[in-house]
J.: 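Encoded as C-alpha cells, here's the structure I'll be asking about.
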Amino acid sequence: MGSGLFLFALLLCLSAASLWTVRAEDPYLFFTWKVTYGTISPLGVPQQGILINGEFPGPNINSTTNNNVVVNIFNHLDEPFLIHWSGIQHRKNCWQDGLPGTTCPIPAGTNFTYHFQVKDQIGSFFYYPSTAMHRAAGGFGGLRINSRLLIPVPYADPEDDYTVLIGDWYTKSHTALKQLLDSGRTLARPDGILINGKNAKGDGSDEPLFTMKPEKTYKYRICNVGLRTSLNFRIQNHPMKLVEMEGSHVVQNDYQSLDVHVGQCFSVLVTANQEPRDYYMVASTRFMKTIHMSKAIIRYTNGKGPASSDLPEAPMGWAWSLNQFRTFRWNLTASAARPNPQGSFRYGSINITRTIKLVNSFGNVDGKLRYAINGVSHVETETPLKLAEYFKVPEKVFKYDMITDEGLPEGSTTITVAPNVLNATYRNFVEIIFENHEKRLQSWHLNGYSFFAVAIEPGKWSPEKRTNYNLLDAVSRHTIQVFPKSWAAILLTFDNCGMWNLRSELTENRYLGQQLYVSVLSPALSLRDEYNIPDRTLLCGVVKGMPLPKPYTI
C-alpha cells in the first residue's frame, strides 16, 4: 500500500472512531403513560383512583445508573397534573423535577414528555403526583436504579428483586380531602394501610404478593408512599438485612422490624430459610393511639400451609425509633454509582460556611389552618418560581429570603403567607438544622441532593451539639425524620444548580405551606453548571409569550 493510500485509510479509521465516540450515549428507556381516573376499592370501599396505564399502583421503572429515562405522560384527568420523581437528583436539570415551583402543570387533555438521566445514582426511590391532593388517589409507583455491571455491589445478586410500597390510605376522594384542607380543617386519621395497593383479608382467599424459593435470598425495596403516617414494617419469622437506604449502601445489620417514615425507602435482603409455608409481611402505624395494620402474603414455592395468625408485634414509643436511626451507618468501603468507595468523600473535614436553622410551626391565618417554616407559609404561584428566575422576572412572582437563618424567634406565632424562596451560594458547604417544637413527628425531604444525616436528638439545638455529630459514616440520603420536641442536623454542599424544593413529607403540612425552595445559581451562568430550558417546555403565568433569554454556553 502506498504511503498516501495508507494515510487516507488511517484518517478514515480515526474519523470513524471519533464519530463513534461523539455518538455514544448512555442507554435510553422509553415509557408512554396514560393517566386516567378509575374505580378502585383498596379498603373495600369503591372510590375514584388515579391509574397509570390502568394500574394502581403505577408501573415500576427499572433503570440502571446513568440511563436516560423518557416518560411521555398523557393527562386524561379533568385537571392539571404533574409527576415528581422523589430522590432523583436531576443534576443540573431541575426542569424535570415535576413540581409546581419548577414546572407548569400538564393541562387536562394534553401530554408532556419528561427526559431525565439517573446520573451517578443507585438505589430505591418512587414517583408520585405533586399537584393538588392527587397523591391521595394513587398515581405513585416504584423507581429503582440498579448498579452498572462494572461496579461491585457489597452482596451477592439476589434471586429476585421486589418493590414494596407501603402507606396510609383514606377512603375519601382526593377532591374531598383537598376541600377539607382548603376550608381550613385538618385531615382526620387515615382509614387504613396498604401494601402495594392492597390489604390481605386473612381468610384463606388471598393470593401471594410475592413468592420465594427455599434457601434463596431476595431483595425487597420498601418505600413509605403515604400521606402522613410513619409505619413499622416486618416479616413473620424472617430477619431483614438492611443493605441500602435512599441511594447509599449501608453497613449491613439484621433487623426484626424497620420504622419507615413518610418519603423514606430501605432495601433489605431476606433469605427463605424457614419452614415452607405462607408468611405475612406486616405494615402498621406508629405513634398513633388507634393502630391500623396491613398484611400481604409471601409464599414459599414448595409451601404447604397458611400463614400463622400470630403476627409479630410492632415496637412502642419513638425512643425505639431514634435508637434504630443511630444504628444506620454508611458503608465506607462499598462503591455506589462510581468505582471509588463511598467513604473516599470525607464530609466531616469540610468547613461549614453557613448554618440554616428551620423551625416548623402552625397556626390560623384568616381563620384557616396554615403550616410554616420560620414563620412563612409557602403558597404556589401561577408562574413556576424557576421560570420566573430563568426569564429574569422574579420580582413579579416572589421575593428571595423571606426567612432568616436563625429559625423562629421565641414565642413568635405570626405566620406570613407568601412564596418562600431561599437564596443559596453555589458550592457552599452548609449545615441545616430542623427543630420540631411540636408533639408530632416530622419528615423532611430535599430535592436535587443527598445530605449527610449527622444527628437527631431530643431538645433544642445549640452550637455545642456539634460535638455529637457523626462526622465519619452518617448515611447520605434525601429524607430525615425529626421526632417530637427534637432536632436533626444535616450537612451538604449546594453544588447542584437549580430551584430545589425542601418540604415536609407530611402531605397536609406541605399542601398548607410547610415547604420552601432553595435557589442555587452559578455566577458563571454556564452550561457546565446548569442546562438551558428544554425545548417544548410548558410556559405559563407571566412568562407565557415572553422571548426566551439568551441561552447558557460553555
J.: Would you say the side-chain atoms of Ser267 and Ser124 include a donor-acceptor pair closer than 3.5 Å?
T.: yes
J.: Side chains of Arg503 and Asn501: any donor to acceptor distance under 3.5 Å?
T.: yes
J.: Establish, from distance only, whether the side-chain atoms of Ser173 and Thr175 form a donor-acceptor pair under 3.5 Å.
T.: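 Yes.
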J.: For the residue pair Arg477 and Phe452, establish whether any side-chain heavy-atom pair is separated by less than 4.5 Å.
T.: no
J.: When you compare the side chains of Gln48 and Thr39, does any donor N or O come within less than 3.5 Å of an acceptor on the partner?
T.: no
J.: Go through the side-chain N and O atoms of Gln442 and Ser504 and say whether any donor and acceptor fall under 3.5 Å apart.
T.: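 Ser504 and Gln442 do have a side-chain donor-acceptor pair below 3.5 Å.
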J.: Any luck finding a side-chain donor-acceptor pair between Glu25 and Tyr28 under 3.5 Å?
T.: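 There is such a pair (donor and acceptor under 3.5 Å, judged by atom type) between the side chains of Glu25 and Tyr28.
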J.: Is a salt bridge present between Lys219 and Asp160, judged by a nitrogen-to-oxygen distance below 4.0 Å?
T.: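 Salt bridge flag = no for Asp160 with Lys219.
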J.: Between the side chains of Asn532 and Tyr390, is a donor N or O closer than 3.5 angstrom to an acceptor N or O?
T.: yes
J.: Are the two sulfur (SG) atoms of Cys223 and Cys265 closer than 2.5 Å?
T.: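 Their SG atoms fall under 2.5 Å; a disulfide, then.
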J.: Are His134 and Glu79 linked by a side-chain donor-acceptor pair shorter than 3.5 Å?
T.: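 Yes, because at least one side-chain N or O of His134 sits under 3.5 Å from a partner of the opposite role on Glu79.
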J.: Quick one: salt bridge (charged side-chain N to carboxylate O under 4.0 Å, His left out) partners of Arg510, sequence neighbours excluded?
T.: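 Not a single residue meets the salt bridge (charged side-chain N to carboxylate O under 4.0 Å, His left out) criterion with Arg510.
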J.: Testing Phe116, Trp85, Tyr114 one by one against Tyr127 for a ring-ring contact (aromatic ring centres under 6.0 Å, His included), which residue passes?
T.: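 Filter result, single survivor: Trp85.
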